[in-house]
Amino acid sequence: MNHFQFSAPALPGGLARKVAQLTCVSLFGFLLACNDKSAESASSDTAAAKTAPGEKFELKLAETWQPNFPIFGDTPQRLADNVEKMSGGRLTIKIDSANKHKSPFGVFDMVKSGQYDMGHSASYYWKGKIPTSMYFTTMPFGMIAPEQYAWFYYGDGMKLMQEVYDEHGVLSFPGGNTSNQMGGWFQKEINTVEDLKGLKMRIPGFAGEVLAKLGVSVTNIAPGELYTSLERGTIDALEWVGPALDLRMGFQKIAPYYYTGWHEPATELQFLINKQTMDKLPEDLQAILKIAMREAAYNMYVHSYYESAESWASIQEEFPEVKIKTFPPEVMNAMRKANQELLDEEAKGNPMAKKIQASQAEFLAKARGWTKISDSAYLKSQEEADAQ
């Protein structure tokens, strides 16, 4: 074993000691880095052998959104900007919006086939092809955003999500959260379960199945067609996101009732990556891409929260005629009952669905206990104090 000696230069006592300490820390960091590098040498050497030093890569990303779509569209652009900066230009991402590729709900198929390297969309859009994909966006009466992120990154979420997408040769990562979404814009007030029957509504995911079970005529419409569909009476109601995006769409001009949420308490968008594409990238660029996706997802969450707060204030001040409603207990209980019945049906016929449901339910029971004693208790205590 080599022994390193360090002699402090002839400086004043305190300064000499500091210089010595900093040098030793730097030396320790160098040795630790060498040790880490040697531990990963086998895999990194293999990746390095496949790529020339400084080789550049360009990935093509298809997004479900129209060009410059606020918040949602900002997220893949932020990813692309950060990836280019962090890689020193070795990795770039070219984004094609829905107006370019003409298939907003075809993003999964285009990434799977290799037509595009990456995609930005929402996992529950693929439930017709992959029924268990819906669990990784959000579920009615399920986890709120902090609970769901904990499940993804420290629970079983990421593992189960990849298990679902593995057979398709695609990797899936969280792509940004809207937090709790509003229940939608309605042309008429909903007072009873009977009021739902025959209602034509745009609502995707498992929530659409819940409402269909209660007699709603459910459809899914691309974002760019929502306003005209509601304005022309093609649909009677729609849910989109929440104040952050709903006001920009102008729904407050054509629908008088705005309902609070139940169906999407933590809507997580999705980054898709073709697995062969990822495997061709050297390890450092893979790491940069993963870190940039996680940062972009988190940024969308806080950005969306900020914009919703600002827009909610605007609704109250500028559009006082909008009637804010909560679904009555009769309707809420009917939706909860239908939701559980559908979950039970899914679990009976699909072992993977049963596995995911069990994981989510188990984690939610723990997480919600903490949410209630922390956030809920705090908010309730403040409301009680304000009421006095």
Side-chain angles (χ1 to χ4, degrees), residues 47 50 57-67 69 72-73 75-77 79-80 83 91-139 152 156-176 204-206 208-209 220-224 267-283 285-290 292-294 296-297 300 346 349-353 355-356:
K50 296 178 181 178
F57 299 83
E58 180 182 87
L59 306 183
K60 288 176 59 182
L61 182 149
E63 61 179 0
T64 291
W65 335 115
Q66 293 295 326
F69 196 83
F72 286 22
T75 303
Q77 186 58 58
L79 167 71
V83 160
L91 180 60
T92 55
I93 298 174
K94 179 180 180 295
I95 300 170
D96 282 353
S97 302
N99 68 314
K100 178 71 177 293
H101 57 69
K102 308 295 185 185
S103 186
F105 296 129
V107 170
F108 169 76
D109 288 330
M110 292 188 290
V111 175
K112 180 178 178 177
S113 68
Q115 181 180 349
Y116 280 87
D117 303 298
M118 298 186 66
H120 190 244
S121 192
S123 189
Y124 62 11
Y125 289 154
W126 330 128
K127 74 182 184 69
K129 303 173 184 291
I130 317 170
T132 49
S133 66
M134 64 184 176
Y135 293 102
F136 306 108
T137 304
T138 188
M139 293 298 288
F152 267 124
D156 294 331
M158 295 292 287
K159 181 183 71 173
L160 290 170
M161 181 164 62
Q162 199 48 56
E163 196 171 332
V164 166
Y165 281 95
D166 265 345
E167 64 179 283
H168 301 280
V170 171
L171 303 172
S172 178
F173 298 87
F206 201 65
E209 296 184 32
N220 195 9
I221 299 171
T267 307
E268 186 68 40
L269 300 187
Q270 172 191 49
F271 285 117
L272 290 165
I273 308 177
N274 182 284
K275 191 174 186 305
Q276 290 184 352
T277 295
M278 180 67 100
D279 289 343
K280 290 176 183 177
L281 295 176
E283 281 194 344
L285 295 185
Q286 290 186 29
I288 285 172
L289 186 56
K290 289 177 182 178
M293 284 189 293
R294 188 159 174 173
M300 182 186 144
E346 287 285 329
N350 188 327
M352 191 64 194
K355 185 177 179 181
I356 298 169

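At least one donor-acceptor pair under 3.5 Å links the side chain of N274 to the backbone N or O of V111. Of the possible donor and acceptor atoms, one in the side chain of Q286 sits under 3.5 Å from a partner among the backbone N and O of M278. In this structure a side-chain-to-backbone donor-acceptor pair under 3.5 Å is present from D117 to K60. Proximity of a side-chain donor or acceptor of H101 to a complementary backbone N or O of E63 within less than 3.5 Å is detected.
Applying the side chain to side chain donor-acceptor pair (under 3.5 Å) test to D109 and every residue at least two apart in sequence or in another chain returns K129. For S113, the side-chain contact (heavy atoms from CB on, under 4.5 Å) partners two or more places apart in sequence, or in a different chain, are Q115. Applying the salt bridge (Lys or Arg N to Asp or Glu O under 4.0 Å) rule to K290 yields no partners; only residues at least two apart in sequence or on another chain are considered. Every residue two or more places apart in sequence or in another chain was checked for a salt bridge (Lys or Arg N to Asp or Glu O under 4.0 Å) with D166, and none qualifies. In this structure, Q276 has no side chain to side chain donor-acceptor pair (under 3.5 Å) partners at least two apart in sequence or on a different chain. Residues satisfying the side chain to side chain donor-acceptor pair (under 3.5 Å) criterion with S133, sequence neighbours excluded, are absent altogether. Applying the side chain to side chain donor-acceptor pair (under 3.5 Å) rule to S172 yields the partners Q270; only residues at least two apart in sequence or on another chain are considered. Remark: Y125 pairs with F105 by the ring pair (Phe, Tyr, Trp, His ring centres under 6.0 Å) rule, at least two apart or across chains. Applying the salt bridge (Lys or Arg N to Asp or Glu O under 4.0 Å) rule to K112 yields no partners; only residues at least two apart in sequence or on another chain are considered. Residues satisfying the ring pair (Phe, Tyr, Trp, His ring centres under 6.0 Å) test with F271, not counting sequence neighbours, are H120. Qualifying salt bridge (Lys or Arg N to Asp or Glu O under 4.0 Å) partners for E209, counting only residues two or more places apart in sequence or in other chains: K127.
When all heavy atoms of A353 and T132 are compared, the closest pair comes out as N-CG2, 3.7 Å. In terms of heavy atoms, T75 sits closest to G175 at CG2-O, 3.5 Å. Pairing each heavy atom of V107 with each of G119, the nearest pair is CG1-CA, 3.7 Å. Contact between S121 and P104 at its shortest, heavy atoms only, is OG-O, 4.4 Å. Heavy-atom minimum distance, I273 versus M118: CG1-CE, 3.8 Å.
Here the CG-OG1 distance, from L269 to T138, works out to 11.0 Å after rounding to the nearest 0.5 Å. If you take NZ on K355 and CG on L160, they are separated by 6.0 Å, rounding to the nearest 0.5 Å.
Applying the salt bridge (charged side-chain N to carboxylate O under 4.0 Å, His left out) rule to pairs touching residues 269-278 yields K275-D279, sequence neighbours excluded.
Ring-plane geometry between W65 and F72 is classed as perpendicular, the angle between the planes exceeding 60 degrees on a 0 to 90 degree scale with a lower cut at 30. A tilted orientation is assigned to the rings of F136 and F152, their planes being inclined by 30° to 60°.
Side-chain atoms of T137 and E268 include no donor-acceptor pair closer than 3.5 Å. Between the side chains of Y135 and S123, not a single donor N or O lies within less than 3.5 Å of an accepting N or O.
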Go through the steps for T64 and F69 under the test side-chain contact (heavy atoms from CB on, under 4.5 Å), then give the verdict. CA-CA 10 Å; T64 291; F69 196 83; over 6 Å; no

Mind running side-chain contact (heavy atoms from CB on, under 4.5 Å) on I356 and V164 for me, showing each step along the way? CA-CA 10 Å; I356 298 169; V164 166; 4.0 Å; yes

If you apply the rule side-chain contact (heavy atoms from CB on, under 4.5 Å), what do you find for Y165 with L171, and how did you get there? CA-CA 6 Å; Y165 281 95; L171 303 172; over 6 Å; no

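No more than 12 heavy atoms of other residues, nucleotides or ligands lie within 6.0 Å of NZ in K100, so this atom counts as exposed by the packing criterion.
Contact of the L272 side chain with the F173 side chain is not registered, since no non-hydrogen atoms from C-beta on lie closer than 4.5 Å.
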